[in-house]
Protein chains: 2
Amino acid sequence: MIAQKVLFLVLDGISDRPCEALDGKTPLAAARTPVLDRIAAGGVCGIMDTISPGIRPGSDTSHLALLGYPPQDYYTGRGPLEAEGTGIHMTAGMIGFRCNFATVDENGAVTDRRAGRISGTEPLAEAIRDGVDLSSLGLEFRFNSGVGHRAALALVGEGLGDKVSSNDPKKEGVRPPEIRACTDDPADAKTARACNEFVRQSAEILYHHPLNIQRMKEGLAPANYLLIRGAGKMGEFPQFSERYGLSGSVIAAATLIVGIGKVVGLEHIPVPGATGSVNSDVAAKVRAALAELGRKDFVLMNIKGADEAGHDGNATQKRDFIEVIDAALEPLLDLDETLIVVCADHSTPCPVRDHSADPVPVVIRGPGVRVDRVRRFDEVSCAEGGLHRIRGSDLMPIVMDLINKSHKYGA
Amino acid sequence: MIAQKVLFLVLDGISDRPCEALDGKTPLAAARTPVLDRIAAGGVCGIMDTISPGIRPGSDTSHLALLGYPPQDYYTGRGPLEAEGTGIHMTAGMIGFRCNFATVDENGAVTDRRAGRISGTEPLAEAIRDGVDLSSLGLEFRFNSGVGHRAALALVGEGLGDKVSSNDPKKEGVRPPEIRACTDDPADAKTARACNEFVRQSAEILYHHPLNIQRMKEGLAPANYLLIRGAGKMGEFPQFSERYGLSGSVIAAATLIVGIGKVVGLEHIPVPGATGSVNSDVAAKVRAALAELGRKDFVLMNIKGADEAGHDGNATQKRDFIEVIDAALEPLLDLDETLIVVCADHSTPCPVRDHSADPVPVVIRGPGVRVDRVRRFDEVSCAEGGLHRIRGSDLMPIVMDLINKSHKYGA
């Protein structure tokens, strides 16, 4: 039998280093994971450098690599991908940015870079869309609210560059600096000018907005300023369906992953209860993935919470959430005719509290796979598997070959 | 002790995926292979991507890679290699083609693309060589018969391109199309003109040939037309003896493999009874290889039958032929001073009925090898070996180093 469908499950940042809090085990090795272990036992395992050995990946560069879009060719910064993830349709040449709603005081100094971790900012975004006008610069813009204090901006027009600085002072008590061009290129100067004008006009609108007036009455930090960063120029992405001949969906809570999926042409399937955190409704995501497999060839599902626990350096929380994930994955064991890939995009070791280049475990299970002797899904066990050590860029070619859709090179 | 001789045994397409007919085993795992197992037990094993992970190789591109001629640099299509394999001496710039003797009816429609699977076509080839004249186009040609209904053509002259279409309609009941240039390059137009003229003149000769008149009397399909395909421009191949300082021979039934061996300068040793099929006299090939090792440094031996069984999807036949191969290899166990490499050029899984990118098993046995713990020559066992996962392009450098003929890089 040849599998016709592919479930590509990325357990974001799940792999780790030995943790003191877990008697020298990694959270993945310390967790009780009967489902992942059964997937490992029924598949071929290995370890994977999503970029290459020793290269510490972002979630964006690693997901691009895993999907077969070499980041050295396709990655142009996080801004355009985040913007796409918030629902802005990015087209080639647009300049994308990540934004924070922030709080400044009467002197213009930043008092809270996240505006009291505000949420529900859509009325603010709507007011900005209605009120800001960049036509004097010959430009249009798109602006969408995101999760919590986050938002995204895109500039639309001719002759825009993406080499500009941020106005995020990265600390509180100081005024946000002007955004400056980082080169002598007039295109970068034009973008910097547009950014400063956008920030100025939006601040005026935010200052008077009823939602902020109400927040101040309640003693909450008003979202009266925008900090913008992560400028990048949107490129051309060959669409997944053309590249692989597969229809596909993306299920992810993280805006960045949604954006990556969408720019390559995967349909985003929102899942209520999916938060991208350790309180996420993983079972709901799994149900959504199974439903998608009924109508699509390829489903990318990203589960983010373990990465967050790694960033927090919380090894026991990470271990516990891995057990939550494992329990939620049980329905996957019935997918006998689907090729299932389980891996991480990078390690997020608790002792590091950030991504590391430690290779990630990977298992491929399904029809045609040469099952090896690995019986446990963890960093050390998978290193003994039949895939050996591969790279992120190897994964899609291997998957395409296992579903008999690879092209023959030669005769 | 340092080995002085190398036997490079390519078991064409021997590796596979789990097969239902063999209770989920691969033919290689299901076969009783005491000789290959002893070679594995006495050597260092691994798995190998002959091109790279997930890339599905042809036999031509994979053999070029295994011999250390990167196909991305040296592969120019199958035609020139097949032509060399039939005995045409190809030199740089010649355009090579594969040909079929075929049958057309009185309306010019193809009624049999293989002329009733004719064999013994050398008289027809001789008549074509004597009768066709391309001098009006300023060109010469070479034409040789091959195995069965097969033949090869080479065009010789200045300013010839290889981007031309085939006249093989790929189905019966229709007239062969004209051969056309695929670009606006006058060189391709010249080749297309020459091909059409060659087909026209050869058809006239074949129509009147006594052998065909006799076949029609006997109710057999006459070989009255040539279908040509696989155009490629012969390149420059650094000779094996210069590249490695090794004299060498090639033992293979498949014209393509013979051609690859010959273009890199290996001497072709024909073996009576070697058919390239599951009825091949493998023992005779092994005797020939042993004899060649007496006078040469390097012997490439290709055994093709398992690939054929894989293309036919016949897992039990493949398993049984692997046992035939294994029995025939017993004399190799006495080669204590020779470095023996056993591998495949690609997998040909019975469930796929074509080549796949699944890595192939590989073992290297002989003086200097670090023997690992693998005791069985099959896909999963070899994956646990000391070579880990290598690429086809790694093999000749490893071999050259084991026979102490590698160059030091640095000081």
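All chains are named by letter (A, B, ...) in the order of the sequence lines, taking the proteins before the strands, and each is independently numbered beginning at 1. These numbers come from the heavy atoms of this one structure, side chains and all, not from hydrogens, waters or symmetry mates. Note that the coordinates shown come from a computational prediction; the quantities given were computed from them, not determined experimentally.
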Check: Where does V369(A) contact chain B at under 4.5 Å (heavy atoms): side chain, backbone, both or neither?
Finding: backbone

Next item on the list: Pick one of side chain, backbone, both or neither for S15(B), based on which atoms fall under 4.5 Å of a heavy atom in chain A.
Entry: both

Note to self: Does any part of the side chain of E384(B), heavy atoms only, come nearer than 4.5 Å to the side chain of R373(A), both counted from C-beta?
What the structure shows: yes

Next item on the list: Evaluate whether atom NZ of K25(B) has more than 12 neighbouring non-hydrogen atoms of other residues, nucleotides or ligands under 6.0 angstrom away.
Entry: no

Margin query: Which atoms of S62(B) are under 4.5 Å from chain A, going by heavy atoms: the side chain, the backbone, both sets, or neither?
Written below: neither

Check: Given that the side chain runs from C-beta out, which part of D354(B) has a heavy atom under 4.5 Å from chain A: side chain, backbone, both or neither?
Finding: side chain

Margin query: Restricting to non-hydrogen atoms, name the atom on G368(A) and the atom on P18(B) that form the minimum distance, rounded to 0.1 Å.
Written below: O-CD, 3.6 Å

Notebook entry, point to check: chain B: which of A411(A), G386(A), P367(A) shares the most heavy-atom pairs with it under 4.5 Å?
Noted result: A411(A)

Next item on the list: Specify which of P71(B), S52(B), P351(B) makes the most heavy-atom pairs with chain A at under 4.5 Å.
Entry: P71(B)

Check: Given the options I47(B), I55(B), D358(B), which has more heavy-atom pairs under 4.5 Å with chain A than any of the others?
Finding: D358(B)

Notebook entry, point to check: In this structure, are over 12 heavy atoms from other groups packed under 6.0 Å from D73(B) atom CG?
Noted result: yes

Item checked: Greater than 12 external heavy atoms within 6.0 Å of K262(B)'s NZ -> yes

Checklist line | Most contacts with chain B, counted as non-hydrogen pairs under 4.5 angstrom, among L387(A), L395(A), V399(A) | finding: L387(A)

Check: Do other residues, nucleotides or ligands put more than 12 heavy atoms under 6.0 Å from R38(A) CZ?
Finding: no

Note to self: Testing the basics here: between R370(A) and P359(B), what is the closest heavy-atom pair and its distance to 0.1 Å?
What the structure shows: NH1-O, 2.6 Å

Notebook entry, point to check: Does Y409(A) reach the main-chain N or O of I51(B) with its side chain, forming a donor-acceptor pair under 3.5 Å?
Noted result: no

Next item on the list: Spell out, as yes or no, whether a donor-acceptor pair under 3.5 Å connects the side chain of D401(A) to the backbone of G54(B).
Entry: no

Check: Which heavy-atom pair separates V380(B) from D372(A) by the least distance, and what is that distance?
Finding: CG1-CA, 4.3 Å

Note to self: Report which part of R389(B) has an atom under 4.5 Å of a heavy atom belonging to chain A: side chain, backbone, both, or neither.
What the structure shows: both

Next item on the list: Decide yes or no for S356(B) and K408(A): does some side-chain heavy atom of the first lie under 4.5 Å from some side-chain heavy atom of the second?
Entry: no

Note to self: Counting only non-hydrogen atoms closer than 4.5 Å, does Q72(B) touch chain A with its backbone (N, CA, C, O), its side chain (CB onward), both, or neither?
What the structure shows: both

Next item on the list: Could you tell me whether the side chain of R17(B) reaches within less than 4.5 Å of the side chain of I2(A), counting heavy atoms only?
Entry: yes

Note to self: So, taking the atom named CZ in R56(B) and the one named CG in N404(A), what distance separates them when rounded to the nearest 0.5 Å?
What the structure shows: 7.5 Å

Notebook entry, point to check: Relative to chain B, which segment of V44(A) carries a heavy atom at a distance below 4.5 Å: side chain, backbone, both, or neither?
Noted result: neither

Next item on the list: Say whether, by atom type as modelled, one donor and one acceptor occur between the side chain of H388(B) and the main chain of H388(A) under 3.5 angstrom.
Entry: no

Notebook entry, point to check: Hey, is CD on Q239(A) packed in by over 12 heavy atoms from elsewhere, all under 6.0 Å?
Noted result: yes

Note to self: Surrounding NZ of K296(A) (heavy atoms of other residues, nucleotides or ligands, distance under 6.0 Å), is the total greater than 12?
What the structure shows: yes

